[in-house]
Amino acid sequence: MYRIIKTDGRAKRGELVTVHGTIQTPVFMNVGTVAAIKGAVSSPDLECIGTQVELCNTYHLHVRPGDEIVRACGGLHRFMNWNKPILTDSGGFQVFSLAGLRKIKEEGVSFHSHVDGRLIFMGPEESMRIQSNLGSTIAMAFDECPPSTAEKDYIRKSVDRTTRWLERCKAEMDRLNALPDTVNPSQMLFGINQGGIYEDIRIEHAKRIAELDLPGYAVGGLAVGESHEEMYRILDAVVPYLPKEKPVYLMGVGTPANILEGVSRGVDFFDCVYPTRNGRHGHAYTNRGRLNLKNERYKTDERPIEEGCDCPACRNHSRAYIRHLLTAGEMLGLRLMVLHNLRFYNRMMEEIRDAIEAGRYEAYKQEKLAGFALGAED
């Protein structure tokens, strides 16, 4: 069950009650694609940095280790030793972005694994069965994510197929949740809005999928090559047509600025690999923008990455030490950077929720954006 606690303009402060705990929104989901956060970050680590939801990927876990193995180990929560909510992406984006040669039919998609080349077929029912085996808290519908540059006629046909697939996903999930031996009989299904950068297709699709009365809805197919302005334009157009009493998830987004703008437009859920990927490359997020810790200017800098940060890196180590670890290729350096960046994102979401409750979200957003513009290289 989702309820809105407070609104401030279009920004929403809410909570989603699930079988694995209550999610305070807006929320940033920490991305553990293969049931692990890249950078040697464990489930107890995630507890320490305020993580509410971990996102894992259906396609990758189906390929390796295999969803049947995860099921045999008691589902993802037991497998990972994580007792809070997990959202599993359906695998649709990976099928269309990683698989190379593929054949799309009404039944689903045939493609070759990017790991060992074996032929795999995945459609709505297969994606739901895999996610049921994983036992995630929230399962995403199987959809096609066409490139933003695709012709409008193709986008329209693709969206129509995605709608038909969503109906099949719902029917299959209802069946799976009713089975006596299902891992998580309370698994939720979120539908996905598609339509490229075409407002009319997006709005029409939002109206159609809203009729299915799902527990939540995502906006997919953005942050895939279009400009930030185009993304914001689509959010302005489509979010008002998604059910107001349901959470809205903006898939694969994004930078801190993207998140601040998304919240302004009514988005509740976010996910992105930026904080972990950039951390592994030596880039730290701060309230004054990104800082490149590999820069030579930090080789004797005894300050933490950011004054006042309560992450394990900033509480215990200097910029100079972390820079040394990064340049020496030590895994500890990557781990500390990832922990810092994820804590930065999680703390920003806490601040966002507080600002909405206080009725000063727009002022908070402007203050935060102004700080990012100052530049962290001091």
Side-chain angles (χ1 to χ4, degrees), residues 23-32 37-55 84 223 250 252-264 267-295 298 301 303-323 325-326 332-356 361 364-378:
I23 303 168
Q24 302 298 326
T25 67
V27 63
F28 177 80
M29 297 184 286
N30 295 186
V31 179
I37 304 284
K38 289 185 183 296
V41 175
S42 68
S43 292
D45 291 329
L46 295 179
E47 291 269 4
C48 291
I49 59 171
T51 300
Q52 292 196 76
V53 187
E54 187 161 355
L55 183 148
K84 292 185 177 182
L250 177 55
V253 176
T255 68
N258 289 158
I259 290 173
L260 291 166
E261 295 292 352
V263 168
S264 282
V267 176
D268 300 90
F269 281 66
F270 301 86
D271 81 281
C272 191
V273 298
Y274 283 167
T276 51
R277 180 181 293 166
N278 284 326
R280 298 195 310 274
H281 287 88
H283 292 265
Y285 285 92
T286 79
N287 285 304
R288 290 169 60 92
R290 270 198 293 165
L291 177 155
N292 181 5
L293 265 188
K294 290 185 177 180
N295 194 305
Y298 302 120
D301 193 334
R303 293 174 296 173
I305 296 173
E306 183 161 43
E307 297 287 353
C309 176
D310 61 358
C311 82
C314 291
R315 287 202 315 267
N316 298 293
H317 302 293
S318 67
R319 295 178 179 185
Y321 179 63
I322 297 173
R323 179 187 181 276
L325 295 174
L326 292 170
L332 179 58
L334 308 186
R335 171 178 154 78
L336 291 172
M337 292 291 290
V338 170
L339 284 169
H340 169 81
N341 282 352
L342 289 178
R343 179 58 188 145
F344 175 85
Y345 268 66
N346 292 342
R347 187 174 60 250
M348 185 179 77
M349 304 314 295
E350 293 167 7
E351 295 170 357
I352 285 171
R353 293 193 292 270
D354 289 345
I356 296 172
Y361 178 69
Y364 168 81
K365 182 180 83 169
Q366 295 305 325
E367 292 163 7
K368 205 77 169 174
L369 292 174
F372 296 156
L374 292 173
E377 302 292 351
D378 57 4

Step by step, would you call Tyr364 with Leu260 a side chain to side chain contact (heavy atoms under 4.5 Å, CB included)?
CA-CA 9 Å; Tyr364 168 81; Leu260 291 166; 3.8 Å; yes

Could you give the side-chain donor-acceptor pairs of residues 37-44 under 3.5 Å, partners two or more places apart or in another chain?
from	atom 1	to	atom 2	distance (Å)
Ser42	OG	Asp45	N	3.3
Ser42	OG	Asp45	OD2	3.0
Ser43	OG	Met80	O	2.9

Go through Val263 and Phe270 one step at a time and tell me if the side chain to side chain contact (heavy atoms under 4.5 Å, CB included) criterion holds.
CA-CA 9 Å; Val263 168; Phe270 301 86; 3.7 Å; yes

Just by distance, do the side chain of [X] and the backbone of [Y] share a donor-acceptor pair under 3.5 Å?
X	Y	result
Arg280	Val338	no
Arg319	Ile305	yes
Asp271	Gly252	yes

Going from [atom1] on [X] to [atom2] on [Y], what distance comes out if it is rounded to the nearest 0.5 angstrom?
X	Y	atom1	atom2	value
Arg347	Leu342	CZ	CG	11.5 Å
Leu46	Arg343	CG	CZ	12.0 Å
Tyr298	Leu326	OH	CG	12.5 Å
Ile352	Thr25	CD1	OG1	11.0 Å
Met349	Glu351	CE	CD	10.5 Å
Arg288	Phe372	CZ	CZ	12.0 Å

Exactly one of Val253, Ile23, Leu250, Leu55 should register a side chain to side chain contact (heavy atoms under 4.5 Å, CB included) with Phe269. Which one does?
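That would be Ile23.
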
[X] and [Y]: which non-hydrogen atoms are nearest, and at how many Å?
X	Y	value
Cys314	His340	SG-ND1, 3.5 Å
Tyr361	Ile259	OH-O, 4.5 Å
Pro312	Leu339	CG-CD1, 4.2 Å

Taking side chain to side chain contact (heavy atoms under 4.5 Å, CB included) as the definition, give me every residue that meets it alongside [X], ordered by chain and number, with sequence neighbours left out.
X	value
Cys272	Phe28, Tyr274
His317	Tyr321, Ile322, Leu336
Gln24	Ile5, Arg13, Glu15, Thr22, Gln52, Arg353
Ala257	Thr255, Leu369

According to salt bridge (charged side-chain N to carboxylate O under 4.0 Å, His left out), who are the partners of Asp354, at least two apart in sequence or on a separate chain?
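By the salt bridge (charged side-chain N to carboxylate O under 4.0 Å, His left out) rule, Asp354 matches no residue at all.
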
Quick one: list whatever passes side-chain hydrogen bond (donor to acceptor under 3.5 Å, both in side chains) with [X], sequence neighbours left out.
X	result
Tyr285	Asn278
Ser318	none
Thr51	Asn30, Asn346
Asn287	Glu306, Lys368

